[in-house]
There are 2 protein chains.
Amino acid sequence: MKTDTDKKSDLSAQIATAIRDAIVSGDMIVDERLPSEAELSEQFNVSRPTVREALKRLAAQSLIRTQRGAFGGAFVNRLSYEEAYGQQITTATLLLSMNAVSFETACEARYALERACTPLAAQRRDADHLATMRAEIHRQGQPGLSDESFCASDVTFHRALVDCAANPVLSYQLAGAVEAMQPLMNMITFTARSRSEIVTLHTRIADALEASDATAAESALHDLEAYTLHLGRDVMAARRPA
Amino acid sequence: MKTDTDKKSDLSAQIATAIRDAIVSGDMIVDERLPSEAELSEQFNVSRPTVREALKRLAAQSLIRTQRGAFGGAFVNRLSYEEAYGQQITTATLLLSMNAVSFETACEARYALERACTPLAAQRRDADHLATMRAEIHRQGQPGLSDESFCASDVTFHRALVDCAANPVLSYQLAGAVEAMQPLMNMITFTARSRSEIVTLHTRIADALEASDATAAESALHDLEAYTLHLGRDVMAARRPA
DNA sequence: CAGTTTTCATTTGTCTGACATTTAAATGTA
DNA sequence: TACATTTAAATGTCAGACAAATGAAAACTG
């Protein structure tokens, strides 16, 4: 008997859903081996290509991994933070680029989330993360830096800030917000003037964290948000003459 | 000539990556039609099943949708907030359940993020969201409510709080954090005593938002976090006798 | 007996070719 | 014109085959 979760269409989607449910509900545990493709085709009464399409769907979500050869097969995959980051970033980036999310909205969300990390970061900051932040600030002050490199450095700086909170779940959530903004930030041309302003604000943040002063750090982030918004507004206005 | 992004193995993964890049980079725009499976097999020099596996991978990430029939095919899909929510929730839930994330860590992240919304929510709260919150508080006070329903109501309450901030990007990010906690919360048995405590705290939050008092709301959220942590600790300790 | 090599069965990866089904446009008809 | 029919193009599904990888067991060697 077929599972017929939705009697409608697409066997491979139904099978993928059935297996996904088994994984999410905990019926299948990490590293457990799924039946072979041949066995699955029998169980679900479909052909092997159909089963394979279902498995590829799950693989695309990092729910399973496959291994060739004898005693190989498909295994329930432990979703690592790395993989989750990647998916989160892709999804968030597309969400922003495809849905005409305004620069203001994205900016507001990003800095609100970042400020959420600040108290924890101020409390737990360690030498490593502070060093990363200082190094990126230094790089951002270098004259010959391209706009793209400046943006990349900005992302590294902010990720270090987030990682300071020493909460992997927060880091995971924030990765999407910070990285998804990058395409929008890349549209901005950073003048020497604005770069120096940003470096100043970044320094204020690093100083505040080093002093474990959460309030000062939040305040600096507020100012940075306002300044970023200011920079972005002109560009976005020019981009949307409609 | 094959694209050979990674010379290593799995043609369908390579093809999926190639197409994904084209979408993410903006080379293909929303609603644009991909070449037919037959054409793609020619372009990439692979068989149709391989192309199909690649397309299913993309479909699993909601990057494309397919339509049968003449003039059907695969189209670049506009990633909706709905779909993004769903993926986010699945990923976040699995991340927590598979990586032995401690109740403390998850709790800390969730309330930190929620507090990030509070200033905006206090500023923009509208009658609708307040009404939802009040209604859920009322439900949470009803005697005959099952633990599961209580949890579900809790989620609804907190999502209303988040939606108050009227920033869809924020709502999207928070959806994962709030929903992913639910399986952990479901382990808790809510006594009449603890329910009434939670209702009190929820009321404090709603009152504070209604009064546009962000500070009071944050403070109430802090207390709620502490109380949730307290409730969870016992359960988690009992669950992990190792 | 210990260590190495070979064989071998199992499983995923890929290909070919075919048929079923769906869908909208094109065509035919009253 | 309005409606029914045909048709072409596309995805969905199936069956069977071969290639390639892989680890375990068997065979071999010193």
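So you know, we letter chains A, B, ... as the sequences are listed, proteins then strands, and number each from 1.
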Engineer: Between Thr66(B) and dA10(D), is there a contact of a side-chain N or O with OP1 or OP2 at under 4.0 Å?
Structural biologist: no
Engineer: Quick one: which of dT14(C), dA24(C), dT10(C) gets closest to the side chain of Ala70(A)?
Structural biologist: dT10(C)
Engineer: Please identify each residue that fulfils side chain to side chain donor-acceptor pair (under 3.5 Å) with Glu104(B), with sequence neighbours left out.
Structural biologist: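 Glu104(B) satisfies side chain to side chain donor-acceptor pair (under 3.5 Å) with Arg233(B) only.
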Engineer: Rounding to an integer number of Å, can you tell me how far Asp10(B) CG sits from dT12(C) P?
Structural biologist: 13 Å
Engineer: Let's see if you get this right: which residues in residues 29-37 of chain B place a heavy atom under 4.0 Å from DNA chain D?
Structural biologist: Arg33(B), Ser36(B), Glu37(B)
Engineer: Check whether the side chains of Gln88(A) and Gln173(B) place a donor and an acceptor atom closer than 3.5 Å, and report yes or no.
Structural biologist: yes
Engineer: Hey, does the side chain of Gln67(A) come within less than 4.0 Å of dG13(C)'s phosphate (OP1/OP2), counting only N and O?
Structural biologist: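 For dG13(C), neither OP1 nor OP2 has a side-chain N or O of Gln67(A) closer than 4.0 Å.
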Engineer: Can you tell me if Glu148(B) has over 12 outside heavy atoms packed within less than 6.0 Å of its CD?
Structural biologist: no
Engineer: Considering residues at least two apart in sequence or located in another chain, which fulfil the salt bridge (Lys or Arg N to Asp or Glu O under 4.0 Å) criterion with Asp128(B)?
Structural biologist: none
Engineer: According to ring-ring contact (aromatic ring centres under 6.0 Å, His included), who are the partners of Tyr85(A), at least two apart in sequence or on a separate chain?
Structural biologist: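 For Tyr85(A), no residue satisfies ring-ring contact (aromatic ring centres under 6.0 Å, His included) once neighbours in sequence are set aside.
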Engineer: For Tyr111(A), what residues pass the ring-ring contact (aromatic ring centres under 6.0 Å, His included) criterion, not counting sequence neighbours?
Structural biologist: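 Tyr111(A) satisfies ring-ring contact (aromatic ring centres under 6.0 Å, His included) with no residue once adjacent residues are dropped.
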Engineer: Thr90(A): what forms a side chain to side chain donor-acceptor pair (under 3.5 Å) with it, not counting sequence neighbours?
Structural biologist: none
Engineer: What residues form a side chain to side chain contact (heavy atoms under 4.5 Å, CB included) with Arg139(B), not counting sequence neighbours?
Structural biologist: Glu136(B), Leu145(B), Ser153(B)
Engineer: Keeping to residues at least two apart or across chains, list the ring pair (Phe, Tyr, Trp, His ring centres under 6.0 Å) pairs with something in residues 148-187 of chain B.
Structural biologist: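 Every pair satisfying ring pair (Phe, Tyr, Trp, His ring centres under 6.0 Å) with a residue in residues 148-187 of chain B: Phe150(B)-Phe190(B), Phe157(B)-His202(B), His158(B)-His202(B).
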Engineer: For Asn77(B), enumerate each residue passing the side chain to side chain donor-acceptor pair (under 3.5 Å) test, keeping only those at least two apart in sequence or located in another chain.
Structural biologist: Arg65(B), Glu83(B)
Engineer: Which comes earlier along DNA chain D counting from the 5' end, the contact point of Phe71(A) or that of Gly73(B), where each point is its nearest nucleotide?
Structural biologist: Gly73(B)
Engineer: Which residues in residues 49-62 of chain B have at least one heavy atom lying under 4.0 Å from any atom of DNA chain D?
Structural biologist: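 Correct list: Arg52(B), Lys56(B).
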Engineer: If you check every side-chain atom of Leu11(B), which of dC14(D), dA9(C), dT14(C) has the closest atom?
Structural biologist: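 Selected nucleotide: dT14(C).
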Engineer: Not counting sequence neighbours, which residues clear side chain to side chain donor-acceptor pair (under 3.5 Å) with Ser36(A)? List them please.
Structural biologist: Glu39(A)
Engineer: Can you name the atoms? Protein N/O to nucleotides 19-21 of chain C N/O, anything below 3.5 Å, with the distance.
Structural biologist:
from: dT21(C); atom 1: O4'; to: Arg68(B); atom 2: NH2; distance (Å): 3.2
from: dT21(C); atom 1: O2; to: Arg68(B); atom 2: NH2; distance (Å): 3.2

Engineer: Rounding to a whole Å, what distance do you find between Phe44(B):CZ and dG13(C):P?
Structural biologist: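 So the CZ-P distance, Phe44(B) to dG13(C), works out to 19 Å.
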Engineer: Atom CZ of Arg65(A) and atom C1' of dT22(D): how far apart are they, to the nearest Å?
Structural biologist: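 Computing the Arg65(A):CZ to dT22(D):C1' distance gives 16 Å.
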